[in-house]
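Note on naming: letters A, B, ... go to the chains in the order of the sequence lines (proteins, then strands), and numbering restarts at 1 for each one.
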There are 2 protein chains.
Amino acid sequence: MSTATEAPEHAGRSYHHGDLRSALVCAAVARVEQVGAEHVSLRAVAAEVGVSPSAAYHHFADKDALLGEVAATGLHMLVESVGAEVAAIAGDTREAARLRFRAAGQAYVSFALSHPQLFRVAFSPYCLEHPGVPTTDDGSVPVLSELLNDLVSTGGMNADVRDDSEDVFVATLHGLATLALQGMIPAERVPQLLSKIEQLIGVDD
Amino acid sequence: MSTATEAPEHAGRSYHHGDLRSALVCAAVARVEQVGAEHVSLRAVAAEVGVSPSAAYHHFADKDALLGEVAATGLHMLVESVGAEVAAIAGDTREAARLRFRAAGQAYVSFALSHPQLFRVAFSPYCLEHPGVPTTDDGSVPVLSELLNDLVSTGGMNADVRDDSEDVFVATLHGLATLALQGMIPAERVPQLLSKIEQLIGVDD
DNA sequence: CCACGGAACTTGATGTTGTTCAGATTGACG
DNA sequence: CGTCAATCTGAACAACATCAAGTTCCGTGG
């Protein structure tokens with residue numbers, strides 16, 4: 001995001017770009033957000049950076065590889081966004097843990113709704129073709145995993161409920177975000193459904 | 001699906017095709033399933049049907065409009081598939097209703113895993129650009145809606161739990177399917193998670 | 001029975017796209 | 001100061017979406 005055209009010393013004008021790779025990814029992210037991944041052209045991205053189309057092939061095997069990087073970036077931003085909202089709520093109390101849980105759900109859906117195209121490409125086949133997906137460690141999202149640990153340790157959730165609930169919670173959140181994005185669930189129902197989910201999953205009152 | 005190249009009388013060889021529109025959609029569906037929506041070309045679809053590329057423009061405004069029809073077809077097939085599995089289980093008992101519920105969940109995820117590209121395009125921006133999405137009536141999927149009514153009327157679910165649970169159930173199913181498709185949830189955990197969902201949502205034992 | 005109008009499709013052309021490759025340019029290192 | 005590898009350019013190519021103009025077909029009214 002911040003690695004756009006700010007090359008170390010010689011910004012822009014020299015023959016060598018300095019950090020073309022991240023500049024291309026950054027421009028591609030912007031373009032994806034504007035027109036959607038399926039309408040992004042390699043040439044347009046290269047032109048925006050001020051470089052010939054073939055320059056991209058020294059950093060990416062494919063157009064798909066570039067989009068793969070965009071997908072990975074999208075996932076990263078999603079996790080960062082959720083993490084930031086969660087981290088903003090401090091405290092060891094059960095109440096704080098419950099607020100963090102709530103904030104995580106809202107942040108996940110909010111990100112999807114405010115970055116629809118990026119969210120979509122993050123869960124498209126592109127990110128499978130590329131390694132370096134930063135969210136999955138043992139197959140689950142670290143932020144949400146810690147979140148549940150938090151709830152358990154503060155007594156906001158039963159420990160035996162936890163393990164199965166994690167994947168269910170992630171799945172529900174993701175489904176909610178996707179369907180809201182698609183317009184199949186009205187956005188104004190989302191908060192209500194989020195609290196319903198908390199209730200079902202067993203976040204104790 | 002069955003409206004491929006079987007024109008009413010004069011099949012195939014005449015100048016006029018008979019039912020080019022559905023033939024194109026059908027071929028496009030096949031091609032999407034093979035290579036994914038982002039790698040489908042209008043020309044290849046037209047060639048498969050045995051028609052010049054520009055012929056498609058008499059039936060669709062755009063390549064995107066054709067893919068929109070593919071998306072709608074995908075949604076339709078998904079609903080049909082779930083509906084068929086549910087309808088295969090007869091009976092008015094609470095037990096039967098519970099089995100139907102279980103079958104619906106499995107069918108939903110199974111469809112996603114066995115038609116990954118079609119499932120993806122069905123929930124891509126393409127289907128927004130096109131009317132005629134057959135799944136949503138008041139915003140929810142009819143099959144699943146009836147399913148829950150079923151459960152309630154046979155005593156398998158509390159009536160007051162129903163309304164909120166519907167969207168949550170759909171969202172969870174959809175999230176589960178998407179994440180399994182993405183490899184973020186191992187496919188072998190899906191049945192376990194499905195029963196967990198039933199339990200959480202309040203399908204009485 | 002026949003001309004005619006319109007719908008369905010083709011041909012040919014245009015501009016854009018992804019991709020490749022031979023060569024020009026550069027900074028770093030000896 | 002010269003060499004070298006990394007980086008970028010430019011021109012080229014095939015495939016692509018799209019469109020305008022022409023061609024073939026079918027049904028319909030005279």
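Sequence neighbours left out, the pairs with a member in residues 33-54 of chain B that pass salt bridge (charged side-chain N to carboxylate O under 4.0 Å, His left out) are B/R31-B/E48. Sorted by first then second residue, the salt bridge (charged side-chain N to carboxylate O under 4.0 Å, His left out) pairs that include residues 171-192 of chain A, not counting sequence neighbours, are A/R189-B/D164, A/R189-B/D167.
Between the C1' atom of C/dC21 and the NE2 atom of A/H58 lies a distance of 9 Å, rounded to the nearest Å. Straight-line distance from the CD atom of A/E48 to the P atom of C/dT17: 13 Å, rounded to whole Å. Spacing between atom CG of A/L20 and atom P of C/dT25 amounts to 18 Å, rounded to whole angstrom units. Across the protein-nucleic acid pair, B/F60 atom CZ and C/dC9 atom C1' stand 15 Å apart, rounded to whole Å.
Every residue was checked against the side chain to side chain donor-acceptor pair (under 3.5 Å) condition with B/S195, not counting sequence neighbours, and none meets it. Partners of A/H59 under the ring-ring contact (aromatic ring centres under 6.0 Å, His included) rule, at least two apart in sequence or in another chain, do not exist in this structure. In this structure, the side chain to side chain donor-acceptor pair (under 3.5 Å) partners of A/S52, at least two apart in sequence or on a different chain, are A/S54.
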>> Run A/E69 and A/R21 through salt bridge (Lys or Arg N to Asp or Glu O under 4.0 Å) and show every step you take.
In response: CA-CA 10 Å; A/E69 205 83 345; A/R21 185 183 169 89; 2.9 Å; yes

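The side chain of A/H39 contributes no N or O atom lying less than 4.0 Å from OP1 or OP2 of C/dT17. The side chain of B/H59 contributes no N or O atom lying less than 4.0 Å from OP1 or OP2 of C/dA7.
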> Going 5' to 3' along nucleotides 14-20 of chain D, which nucleotides have protein heavy atoms under 4.0 Å from the base (write B), which only from the sugar-phosphate (write S), and which from neither (write -)?
Replying inline: --BBBB-

